[in-house]
Amino acid sequence: MPVFKAFMKIAVKLLPLISIYIGVFLGTTIAMTNSDAPNKTTSFTDSKVKVAIIDRDNSTLSKALYDYLNENHKIVEVKDDAQSIKDDLFNISVSYVLTIPEGFEEKFVAKEGQNSLKQDFLPGDSEARLVSNELSSLLNYINVNLSSGMTIDNAIAKAKETMAITVNVELTKEEAKLSYSKTYFFFRYIPYAAISILILGLGNILVEFKKKEVAARINSSALTLKSKNIQLILACSIFSLALFAFFALSGMLFLQKEFFKFTTLLYLLNAFVFIIASVAIALAISQIAPNPNTITILTNVIGLGGAFLGGIFVDISFLDKTLVNTVSRFLPTYWSTMSVTAIENGAISEALTNIGIEALFIIPFFVVALVLSKVAQNKI
């Protein structure tokens, strides 16, 4: 079986290149499963911002503003000069600086100093803008209370009570789910590695067999075209099954007890179908690529492009809907991502439908590869 042996020799030479994509896959999977992403909840919590207060008034009102910011954010110290404040903001050692001028309370009560507060923060800093809005709301409540005849102390106390009213926000949309299992992340990233390895591996190997001198040597030998094709099919099948076995074994070692669940069978089925579709894509590409350099370029374009547009590296919910409807839906990576998401959410019927759509990519690319192969064969 000379063609089969030659195939495997080239495959062994490609192992260093293939190992790069395997390393990226394993590294990304480990990083994501050990990050905060799997542990996030669907509840909303306020974030504490680094704020500084320069109080030149030392009044009841200025102390109330200090107490409010101290309770809801993190107070840091800054020097009372313009250059130091600019430096601290630029170095992100503080996000928001409030300067309360002398006589602020007196003017505020007399309705004369509403806008005398000095606020420093970087343009576009949403967190600092949030602090500014909070202070504005607090002062508005105090002003309303003062207008109703309350003393400054009572007005401040009542305003703080109003500001303390909270609403429990819960993300209920299915798309907003932020807590995923390790199994989900492991199988979500398989398509990127699989399609990259198969295009790089099978593409480079089959391009070698397309070279005129190699093709002419095979055609002039006693080896029939049927025998050559059978050996190539066998070699491609073993290469693909070995890749699938690698992913399955890696999952078993990485996920341990979590691997031995019924849903893992669905994850494996999805990965297997995607690998077959990737083989078909790799075969088609090998027929149009003139040399190994082109294969490498196409590997990166299709691998990374499919990963980003298919929701592997960037969640589908963050992609533009028009982009999803016009581009992403026509990529097998998209349907693979939708499948693993459906499996994670327990939507088995939806997952099987998505896997079925994924399988529809197989036949067209195999047909294209076969037609291009026939055309190339006739040119020799």
Side-chain angles (χ1 to χ4, degrees), residues 21-43 170-198 237-279 303 306-307 310-318 328 331-362:
Y21 291 93
I22 291 175
V24 171
F25 163 70
L26 293 176
T28 304
T29 304
I30 292 170
M32 286 303 300
T33 53
N34 289 330
S35 69
D36 292 334
N39 300 318
K40 288 181 181 177
T41 63
T42 56
S43 61
E170 191 76 18
L171 303 179
T172 57
K173 289 186 178 181
E174 183 177 321
E175 292 82 6
K177 180 177 179 181
L178 295 174
S179 180
Y180 295 107
S181 65
K182 284 187 176 183
T183 309
Y184 167 83
F185 281 104
F186 181 85
F187 284 97
R188 173 174 163 172
Y189 291 106
I190 281 180
Y192 164 69
I195 197 167
S196 298
I197 290 171
L198 288 167
S237 300
I238 291 176
F239 187 93
S240 306
L241 288 173
L243 182 62
F244 175 75
F246 166 78
F247 287 131
L249 182 60
S250 297
M252 191 183 302
L253 295 173
F254 182 73
L255 301 171
Q256 298 180 0
K257 290 182 180 180
E258 199 171 320
F259 182 83
F260 299 97
K261 293 181 180 179
F262 169 74
T263 52
T264 303
L265 294 176
L266 294 174
Y267 282 120
L268 288 171
L269 174 63
N270 178 66
F272 183 74
V273 171
F274 185 86
I275 284 175
I276 297 175
S278 298
V279 169
I312 296 175
F313 289 161
V314 179
D315 195 88
I316 293 292
S317 61
F318 293 112
S328 298
L331 301 174
T333 47
Y334 170 84
W335 294 105
S336 176
T337 302
M338 297 302 291
S339 297
V340 296
T341 303
I343 296 169
E344 176 72 6
N345 292 331
I348 306 303
S349 178
E350 181 185 343
L352 291 174
T353 300
N354 292 335
I355 292 173
I357 296 174
E358 206 175 323
L360 295 177
F361 287 88
I362 297 172

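- With values rounded to the nearest 0.5 angstrom, Leu241 atom CG is found 8.5 Å from Ile275 atom CD1.
- Around atom CZ of Phe313, more than 12 heavy atoms belonging to other residues, nucleotides or ligands sit under 6.0 Å away.
- Leu331 places none of its side-chain heavy atoms less than 4.5 Å from the side chain of Phe361.
- Side chain of Thr341 to backbone of Thr337: a donor-acceptor contact under 3.5 angstrom is found.
- A donor-acceptor pair is defined here as one N or O able to donate and one able to accept, closer than 3.5 Å; such a pair exists between the side chain of Arg188 and the backbone of Gly311.
- The shortest non-hydrogen separation linking Ser196 to Gly303 is OG-CA, 3.6 Å.
- Taking the six-membered ring for Trp and thresholds of 30 and 60 degrees, Phe254 and Phe186 have nearly parallel ring planes, at less than 30 degrees apart.
- At least one side-chain heavy atom of Tyr267 sits under 4.5 Å from a side-chain heavy atom of Glu344.
- Asn270 places none of its side-chain heavy atoms less than 4.5 Å from the side chain of Leu266.
- Rounded to the nearest 0.5 angstrom, Ile355 CD1 and Glu350 CD are separated by 11.0 Å.
- Remark: Phe259 CZ to Leu265 CG distance equals 8.0 Å, nearest 0.5 Å.
- Nearest heavy-atom pair across Asn354 and Ser339 is CB-OG, 3.0 Å.
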Report the C-alpha separation of Tyr334 and Glu358 in whole Å, then their side-chain angles, then the decisive distance to 0.1 Å, and conclude whether the side chain to side chain contact (heavy atoms under 4.5 Å, CB included) test is met. CA-CA 9 Å; Tyr334 170 84; Glu358 206 175 323; over 6 Å; no
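- Minimum heavy-atom separation, Glu258 to Lys182: OE2-N, 3.3 Å.
- Between Ile197 and Leu243 there is a side-chain heavy-atom pair separated by less than 4.5 Å.
- Expressed to the nearest 0.5 Å, how far CD1 of Ile362 lies from CD1 of Ile276 amounts to 5.0 Å.
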Apply the test side chain to side chain contact (heavy atoms under 4.5 Å, CB included) to residues Leu269 and Val273: give CA-CA distance (whole Å), side-chain angles for both, the deciding distance (0.1 Å), then the verdict. CA-CA 6 Å; Leu269 174 63; Val273 171; 4.2 Å; yes
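- Side-chain contact between Phe239 and Leu198 is present, with at least one heavy-atom pair separated by less than 4.5 Å.
- To the nearest 0.5 Å, atoms OG (Ser250) and CD1 (Ile190) are separated by 8.0 Å.
- With contacts defined as side-chain heavy-atom distances shorter than 4.5 Å, the pair Tyr189/Ile312 qualifies.
- The shortest heavy-atom contact between Ser240 and Val279 is OG-CG2, 3.1 Å.
- Counting heavy atoms from C-beta on, the side chains of Leu268 and Phe187 come closer than 4.5 Å.
- Phe274 places a side-chain heavy atom less than 4.5 Å from the side chain of Thr333.
- With values rounded to the nearest 0.5 angstrom, Thr353 atom OG1 is found 9.5 Å from Trp335 atom CH2.
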